[in-house]
Protein chains: 2
Amino acid sequence: MKSKRLNRVTIKDIAHEAGVSYSTVSRVLNHYEHVRPDKRQRVWSAVTRLGYVANPQARSLAGGRSHMVGLLVPELGNAYIGQVVRGIDEALAEAQYELMLYTTHRQRTKESTFVRTLTYGMTDGLLLLVPTEPQAYLETLHEERFPYVVIDHQGFDDFSPTVIAKNYQAAFDATRYLIELGHRRIGFIRGLKHLSSAIERHKGYRAALEAHGLEYDPSLVVDGEFLQGPSYAATQALLDRPDPPTAIFASNDLSAFGAMDAVRVRGLSIPDDISILGFDDIPQAASVRPALTTVRQPLVEMGRIAVQLLFTYIEDPDRPCERIELDTALVIRDSCAPPAR
Amino acid sequence: MKSKRLNRVTIKDIAHEAGVSYSTVSRVLNHYEHVRPDKRQRVWSAVTRLGYVANPQARSLAGGRSHMVGLLVPELGNAYIGQVVRGIDEALAEAQYELMLYTTHRQRTKESTFVRTLTYGMTDGLLLLVPTEPQAYLETLHEERFPYVVIDHQGFDDFSPTVIAKNYQAAFDATRYLIELGHRRIGFIRGLKHLSSAIERHKGYRAALEAHGLEYDPSLVVDGEFLQGPSYAATQALLDRPDPPTAIFASNDLSAFGAMDAVRVRGLSIPDDISILGFDDIPQAASVRPALTTVRQPLVEMGRIAVQLLFTYIEDPDRPCERIELDTALVIRDSCAPPAR
DNA sequence: TGCGATCTTGAAAGCGTTTGCAATCCACTG
DNA sequence: CAGTGGATTGCAAACGCTTTCAAGATCGCA
């Protein structure tokens, strides 16, 4: 019944091996400063010699850090998310932290229970990736001074630390690029309407048009939900117009793929007949044909930075709210060209 | 420094509230049988009234279950993996288990340390998704009777519990489908050579050809590494032949996408000029144009079943090794048709 | 050389649970 | 009605580690 416990090396074994008390070992392990150098040395060597690995459970039970952070994601299996998680994962591994994963559909279980489980010493902090309705628990977390960082979403409050890309500027630049290529009718495939990233991109698109003396035409804007299927259908609608756009700016790469399909299904060519521009620069964007011109978000880096930011809050939960905005870059490949004529 | 502990509800509070000893509460919580019904009742009601949530750390420290399982994946952000994880996640949530995520690149850190961390009471069991080189630690795990289940890979030993699809049969059927459509020259894009799933699919392809009196031509087999980019290049090579295949069977959907790109870049049409058949049926397969005809693996279910199987081993680590093979289904969409002429 | 101040360090008290052990019940048996 | 044995239940001892407390060491400076 009870799984046999492996003969684990404990802090006491180290203490014995190094000839110090186990409290001293603990202090060394936790980088406590007042320990004589020679003992510190002896402890570390005993640690490596015996191959000691701390027991996170005991650690956090005793009131220390658990060395785990929770990550809340809406889903998995999405390249965009995969990239961000990669960054998170790397940064965590470097700091010897473990990752507890939660997918959003779990939230349907009592949310209070969820937050409680997480904050009850199970994790030292929480990472929220494009949360959908975080208001409910974010306020609680903030009041409890429980460390957390929101990734790629913002604007619902003014106390949540955030890491996000400069969506507005990125969309503005991308749209300008299309305009400078000579396009005058540029379609826009919008993302999930409640996400700030989608909203900002839309704003950037619109602002760029207007800044260049082009009229913003709402009928050129369709909804793609950040998904390939819906974007395919939405693009069809765009192409059905008597005056179809000569370029389409999609809110993410997946949407761009949907648009590409729709264009090709009509026998039109990319970029000769229609230009397509994406957003995110997921790995697939480079291997698709024609290779997708897109806005590169530093996805992996966003993950890494979020972790680093989280650590600062774990270190000092009272630090003031910090928000980090990352630069993007336009990656020019083969899916955009000057309009035909 | 030390994060303030929230005023957590403990087992003792429940005991007090229900008027029983805390050991009894523990027994109720763990579904121990010899507890009088009325007390059991009182305990449960106290639990819900106070909103008690067990502390996993303390639980596993005390030698019980940690209610966490570890999941080892090669990467994230891959739809195939996303689906499997979804199943795992659902099944775990139902059983009130938590998920600890490890991505393979972490394995580069001392592997012994990795296995130790995991088995030292941190998790109750381990799920290995398409592990790349598991031999090293699998034997240790098995000897320690540490519960684990391997998903979608097998053949490296005869003691590892496994959940996998019937790759051979699936590939056989898919190939036969193409043959029955009238194709005689069928290209094959092979997956990662060291994965049993890739090997089985290749065998199935070959067997189907030979079963229908078609010669197996090695030059029609190219490597796609289960990736879109390499498959694109590989398909180019196939199409460069004086007698290009009239159909291409890709080892997974991503490879199929690469093949589709290659075909289209030549101005050829799918499925009129060339048929493409995939494997996996990731969500994208349905939203791509033309919609991809592919072999559906019950990905989500594989995840669920793996969890269930793992639970049986957590229950009884000495159970004999069990292997579950899941059926697949051919999903016919729009990317395959009889050969031209 | 002496005294307070600052370092170091070990002992011990938990952290929230599980579980072995032993005592207490309780229903029957004869 | 005493005796028997299983069903219940409480106590206390871990589990491995952090942290407080106080005592012993050491150091600086007069």
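Heavy atoms only: backbone and side chains are in, while hydrogens, waters and symmetry mates are out. Bear in mind the structure is a predicted one, so any value in this text is a computation, not a measurement. Protein chains get the first letters and strands the later ones, always in sequence-line order, with residue 1 at the start of each.
Between A:Arg27 atom CZ and D:dC21 atom C1' the separation is 11 Å, expressed in whole Å. Atom OH of B:Tyr52 and atom P of C:dG16 are 10 Å apart (whole Å). One can place NE2 of B:His16 at 16 Å from C1' of D:dG10, the figure rounded to the nearest angstrom. The distance between atom CD1 of B:Ile14 and atom P of C:dG16, rounded to the nearest whole Å, is 13 Å. Distance, B:Leu61 CG to C:dC15 C1': 9 Å, rounded to whole Å. Taking atom CZ of B:Arg59 as the reference point, atom C1' of C:dT19 lies 14 Å away to the nearest angstrom. Put simply, NZ on A:Lys12 is 13 Å from P on D:dT18, counting in whole angstrom units. To the nearest angstrom, C1' of C:dT18 lies 7 Å from CG of B:Asn30.
Of the two residues near DNA chain D, B:Ala58 and B:Gly19, the one whose nearest nucleotide lies more 5' is B:Gly19.
Checking D:dG10, C:dT18, D:dC17 against every side-chain atom of A:Ile11, the shortest atom distance belongs to D:dC17.
Taken from CE in B:Met68 to CD in A:Glu98, the straight-line distance is 10.0 Å, to the nearest 0.5 Å.
In this model, a donor atom of one side chain and an acceptor atom of the other lie less than 3.5 Å apart for A:Glu75 and A:Asn78. A donor-acceptor pair shorter than 3.5 Å cannot be found between the side chains of B:Tyr313 and B:Asp318. In this model, a donor atom of one side chain and an acceptor atom of the other lie less than 3.5 Å apart for A:Ser21 and A:Thr24.
Among residues two or more places apart in sequence or in another chain, the ring-ring contact (aromatic ring centres under 6.0 Å, His included) test is passed with B:Phe311 by B:Tyr97. Listed by chain and number, the residues in a salt bridge (Lys or Arg N to Asp or Glu O under 4.0 Å) with B:Glu94 are B:Arg304 (sequence neighbours excluded). The side chain to side chain donor-acceptor pair (under 3.5 Å) check on A:Gln83 picks up nothing, with sequence neighbours excluded.
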Side chains of residues 154-162 of chain B: which donor-acceptor pairs under 3.5 Å do they make with residues two or more places apart or in other chains?
residue, atom, partner, partner atom, Å
B:Asp157, OD1, B:Phe159, N, 3.1
B:Asp157, OD1, B:Ser160, N, 3.0
B:Asp157, OD1, B:Ser160, OG, 3.1
B:Asp157, OD2, B:Ser160, OG, 2.8
B:Ser160, OG, B:Tyr148, OH, 2.6
B:Thr162, OG1, B:Ser160, O, 2.8

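At a cut-off of 3.5 angstrom, the base of C:dA11 holds no donor-acceptor pair with the side chain of A:Tyr22.
Dashed line: the shortest gap from a side-chain N or O of B:Thr10 to OP1 or OP2 of C:dG16 is not under 4.0 Å. Put simply, A:Thr24 has a side-chain N or O that comes within less than 4.0 Å of OP1 or OP2 on C:dG10.
In this structure, A:Ser26 reaches the bases: a heavy-atom distance under 4.0 Å links it to at least one base atom across the strands shown. Base engagement by A:Ser23 is indicated by at least one non-hydrogen atom pair under 4.0 Å involving a base atom.
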Find every protein N or O atom lying less than 3.5 Å from an N or O atom of nucleotides 5-8 of chain C, and list the pairs.
residue, atom, partner, partner atom, Å
C:dT8, OP2, A:His34, ND1, 3.0

- Message: Applying side chain to side chain contact (heavy atoms under 4.5 Å, CB included) to A:Val28 and A:Trp44, what does each step give before you reach the verdict?
- Response: CA-CA 8 Å; A:Val28 171; A:Trp44 278 121; 3.5 Å; yes

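Rounded to 10 degrees, the angle separating the terminal helix axes of the helix from C:dT1-D:dA30 to C:dG30-D:dC1, each built from five base pairs, is 40°.
Residue-environment remark: CD (A:Gln96) stays at or below the threshold of 12 foreign heavy atoms within 6.0 Å.
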